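These notes concern the structure reproduced below.
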Amino acid sequence: MVDKHVSFSELAVPGVRGLEPYQPGKPESELRREYGLDDVIKLASNENPMGPGARALEAARDAMISVHRYPDGGGFELRQALAAHHGIPADCITLGNGSNDVLALVAAAFLGPDREAVFSAHAFAVYPIVTRAAGAAARVTPAISRNSAMPFGHDLEAMHAAIGPATRVVFVANPNNPTGTWLRGGELRAFIEAVPADVIVVVDEAYFEYADDADYPDASRWLAAHANLVVTRTFSKAHGLAGLRVGYGLSHPDIADLLNRVRQPFNVNTVAQAAAVASLRDTAYIRQSVDLNHEQRDWLRAELEALGLCVLPSAGNFLCFEVGRAVAEVNEGLLRDGVIVRPVANYQLPGFLRVTVGLPAENERFIGALSENLTRAA
Ligand SMILES: *Cc1c(COP(=O)(O)O)cnc(C)c1O
């Protein structure tokens, strides 16, 4: 039985055979188990360090009473709330089990064998996964050189040049994870205008709330002018609801209709829907979360630079910085000290680590541990 079964890998569809599983940040519980540590901090998955907002939490608790019922498969209340929030009709909205789910819906609806998706090197890891899982080919374009204002950022000219007759989808992360780099309104708008109308442009705005550059664009404003545009947002980052899994896509109603055809009927659960509605209204909590991030991101950047490290520009709630050859040793040392950050070698950034902006005490502890481990590795 063990050694004579068929090769299931050969049975799998070709796109799945070549896939590497997504590597999530190490859960705190795993580090506690593996290293026998009590006091662990996780700065590895760009979650809101303040936790969920009080209003979202209360709504989630209240919603628990009805979890014996299936969720509202159409997500009526949440879509109404989002429609009001964005000032667009509710039929432009597709709910997802996290915004990753929406990315997968786009792939399921528009990609497949003999089709291609274009995205940048160092872009979010879910783009290659959903592309290849759908049987489509990935055209990965080289990023902007590191000796530029936006090192390792998306090169929109290269992305445009990579669009061919088989291209159906272009994925743009703004800002991008793991680099933190972003695209300004003028350049992104010009790019979308230049993309053929029969190619879907997905602008992934998972970190929208955090982006504070005056030229950072809200791509959802361009939906009326560009029917081939899909903008994705999430409740996982600034809204502090990563564990509930809720995100959404904004698009032309015809695209939303197609995405909703491939969507699992109950992909967003009852508790997540209720918490998301409450969180959307809790603007004070989002403001507070964003303010804390800006203050602490500036502090972290200054501390990392004071350690002599190169830090990439970031419009998100994380910083990507270069450790160099000692990266594995330094990361291992941080883990032993109970600090979880994210190595990004799988993003073709082998000497880099990504750290999520945490609470002040967490950031101080991280900098202390990093400083010690850098000295030890030197
Ligand atoms: C975190 C992240 C997401 C959001 O994932 P969810 O499925 O909504 O939790 C999407 N895109 C990028 C670039 C991200 O970093």
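Source: prediction; values computed, not measured. Whatever order the structure lists them in is the order used to number ligands and atoms, beginning at 1.
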Would you say Asp155's side chain and Ala143's backbone share a donor-acceptor pair under 3.5 angstrom?
no

Which of the atoms of ligand 1 are close to Ala206, meaning less than 4.0 Å from one of its heavy atoms?
2 (C), 3 (C), 10 (C), 11 (N), 12 (C), 14 (C)

Numbering the atoms of ligand 1 from 1, which are under 4.0 Å from a heavy atom of Lys237?
1 (C), 2 (C), 3 (C), 4 (C), 14 (C), 15 (O)

Quick one: look up the protein heavy atom nearest atom 4 (C) of ligand 1 and list residue, atom name and how far away it is.
Ser99 OG, 3.2 Å

For Gly98, the ligand 1 atoms whose distance to one of its heavy atoms is below 4.0 Å:
6 (P), 7 (O), 8 (O)

Six-ring centre of Phe208, Arg233 cation under 6.0 angstrom, axis tolerance 45°
yes

Using ring centroids (six-membered ring only for Trp), state whether Phe352 and Phe152 fall under 6.0 Å.
yes

Once you round to the nearest 0.5 Å, how far does OG of Ser45 lie from CZ of Arg354?
6.5 Å

Using the rule that two of Ile, Leu, Val, Met, Phe, Trp, Tyr join whenever any of their side-chain heavy atoms come within less than 4.5 Å, decide whether Val230 and Ile129 are in one cluster.
yes

Suppose we call two aromatic rings close when their centres sit under 6.0 Å apart. Are Phe124 and Phe119 close by that rule?
no

Can you tell me which residue and heavy atom of the protein come closest to atom 9 (O) of ligand 1, and the distance to 0.1 Å?
Ser236 OG, 2.6 Å

Would you check if the distance from the ring center of Tyr248 to the ring center of His86 is below 6.0 Å?
yes

among protein heavy atoms, the one nearest atom 11 (N) of ligand 1 is Asp204 OD2, 2.6 Å

Please answer whether the main-chain N or O of Leu95 pairs with a side-chain N or O of Asn267 as donor and acceptor at a distance below 3.5 Å.
yes

State the atoms of ligand 1, each with its element, that fall below the 4.0 Å cut-off from a heavy-atom position in Asn177.
13 (C), 14 (C), 15 (O)

Looking at ligand 1, does Asn46 have a heavy atom less than 4.0 Å from it?
no

With only distance considered, is Asp101 within less than 3.5 Å of ligand 1 through an N or O on each side?
no

State the atoms of ligand 1, each with its element, that fall below the 4.0 Å cut-off from a heavy-atom position in Arg245.
6 (P), 7 (O), 9 (O)

Are any of the heavy atoms in Gly247 under 4.0 Å away from ligand 1?
no

Looking at ligand 1, does Tyr207 have a heavy atom less than 4.0 Å from it?
yes

